[in-house]
Amino acid sequence: MGAVTPPRPPAAKSPKQDRSRATRQRLLEAAVACLAEHGWAGSTVSVVAERAGVSRGAAQHHFPTREDLFTAAVEYVAEERSAALLTLPVQGRTEVITALVDLYTGPLFRAALQLWVAASNEAQLRPRVTELEARVGRETHRIAVELLGADETRPGVRETVQGLLDMARGLGLANVLTDDTARRRRVVEQWAVLLDGALG
């Protein structure tokens, strides 16, 4: 009978895998930044690759099409922001609402907005963006319910939370062309008062 070979421990990640993961992350972050700054028309795979410091071939190895790159980029950053929201310390409603509104006033929202506009005109992009937006929307709603301590079994609470997120998106749109910080702060404070009454 031959000797039993002990099982090998799981292999450590190779430097090549680490480099590949780092390249992918740089591409995703560069894609969001390009969309936010240059819009869909000005954001090509070549522009993103140059910003990320990689070759166009390396970019296409990770993301074969432009649509693959930009939908993955918006999804990646949305997941990062969701994870960051969940690490917020327990705070008052005003702080939670401010954090939720901030999701819609930064570079991620600008990038997503550019993707939505492109999808409204490009048939091959529309289903991917629609599905992505639905997933991100559901996750954002779930996080909002958790952070606000909202009981959606009570009538009207689900709609109240959704109204908050719709309002946040509207504030994000208002901020695209001009800095709307002062007005937005007053609106957030009023929404906190309204939510305290609606959510208990």
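- For the pair Ala168 and Leu100, the tightest heavy-atom approach, listed with the atom from each and the gap, is CB-O, 4.4 Å.
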Worksheet entry | Worked check of side chain to side chain contact (heavy atoms under 4.5 Å, CB included) between Arg184 and Thr98 | CA-CA 9 Å; Arg184 188 168 65 243; Thr98 299; over 6 Å; no
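- Atom CD of residue Gln60 and atom CG of residue Leu27 lie 10.5 Å apart, to the nearest 0.5 angstrom.
- A salt bridge links Glu131 with Arg135: at least one charged nitrogen is closer than 4.0 Å to a carboxylate oxygen.
- The stretch residues 24-33 participates, sequence neighbours left out, in no salt bridge (Lys or Arg N to Asp or Glu O under 4.0 Å) pair at all.
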Discussion item. Working note: Asp68 + Arg128, criterion side chain to side chain contact (heavy atoms under 4.5 Å, CB included); need CA distance, chi angles, decisive distance, verdict.
Written reply: CA-CA 9 Å; Asp68 291 337; Arg128 296 177 74 165; 2.6 Å; yes
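- The cluster map of Ile, Leu, Val, Met, Phe, Trp and Tyr, joined by side-chain heavy atoms under 4.5 Å apart, puts Met167 and Leu103 in the same cluster.
- Here the CG-CH2 distance, from Leu125 to Trp40, works out to 5.0 Å after rounding to the nearest 0.5 Å.
- Taken from CG in Leu194 to CG in Leu164, the straight-line distance is 10.5 Å, to the nearest 0.5 Å.
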Discussion item. Quick one, Val32 with Tyr76, criterion side chain to side chain contact (heavy atoms under 4.5 Å, CB included). Give me CA distance, side-chain angles, the key distance, then yes/no.
Written reply: CA-CA 9 Å; Val32 168; Tyr76 164 76; 6.0 Å; no
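- Because its NZ or CZ atom is not both nearer than 6.0 Å to the ring centre of Trp116 and within 45° of the ring axis, Arg126 does not count as a cation-pi partner of that residue.
- Closest heavy-atom contact between Cys34 and Arg51: SG-CD, 3.6 Å.
- Between the CG atom of Leu115 and the CZ atom of Arg110 there is a distance of 15.5 Å, given to the nearest 0.5 Å.
- Here Phe109 contributes atom CZ and Leu171 contributes atom CG; the two are 9.5 Å apart, rounded to the nearest 0.5 Å.
- Qualifying side chain to side chain donor-acceptor pair (under 3.5 Å) partners for Asp102, counting only residues two or more places apart in sequence or in other chains: none.
- Atom CG in Leu69 sits 7.0 Å away from atom CG in Leu28 (nearest 0.5 Å).
- Panel note: side chain Glu95, backbone Gly92; a donor-acceptor pair is recorded below 3.5 Å.
- The closest side-chain donor-acceptor pair between His141 and Glu146, if any, does not fall under 3.5 angstrom.
- Both Val187 and Leu173 belong to a single network of hydrophobic side chains, linked directly or stepwise wherever heavy atoms of I, L, V, M, F, W or Y lie under 4.5 Å apart.
- Under a hydrophobic clustering in which Ile, Leu, Val, Met, Phe, Trp and Tyr are joined whenever their side-chain heavy atoms come within less than 4.5 Å, directly or via other members, Val117 and Leu177 fall into different clusters.
- Judged by distance alone, the side chain of Asn175 and the main-chain N or O of Asp180 form a donor-acceptor pair under 3.5 Å.
- In terms of heavy atoms, Ala59 sits closest to Ala49 at CB-CB, 4.1 Å.
- The pair Glu139-Arg142 counts as a salt bridge, with a side-chain nitrogen and a carboxylate oxygen less than 4.0 angstrom apart.
- Judged by distance alone, with hydrogens and angles left aside, the side-chain atoms of Arg66 form a donor-acceptor pair with the main-chain N or O of Ser43 at under 3.5 Å.
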Item to complete: Let me see the working for Ile143 and Leu147 under side chain to side chain contact (heavy atoms under 4.5 Å, CB included), right down to the final yes or no.
Response: CA-CA 6 Å; Ile143 291 169; Leu147 291 175; 3.7 Å; yes
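- Taking a 6.0 Å sphere around CD of Glu37, one finds it holds more than 12 heavy atoms contributed by other residues, nucleotides or ligands.
- With salt bridges taken as basic N to acidic carboxylate O contacts below 4.0 Å, none links Arg154 and Asp151.
- For Thr94 (side chain) and Ala192 (main-chain N/O), no donor-acceptor pair under 3.5 Å exists by modelled atom type.
- In terms of hydrophobic clustering, with Ile, Leu, Val, Met, Phe, Trp and Tyr side chains grouped at heavy-atom distances under 4.5 Å, Phe70 and Val47 are assigned to different clusters.
- In terms of heavy-atom proximity, Gly172 sits nearest to Thr105 at CA-CG2, 4.0 Å.
- Tested against Leu113 for a side-chain contact (heavy atoms from CB on, under 4.5 Å), the candidates Val176, Leu35, Leu108, Val74 yield a single pass: Val176.
- A 4.5 Å side-chain heavy-atom check between Val96 and Arg93 finds every atom pair outside the cut-off.
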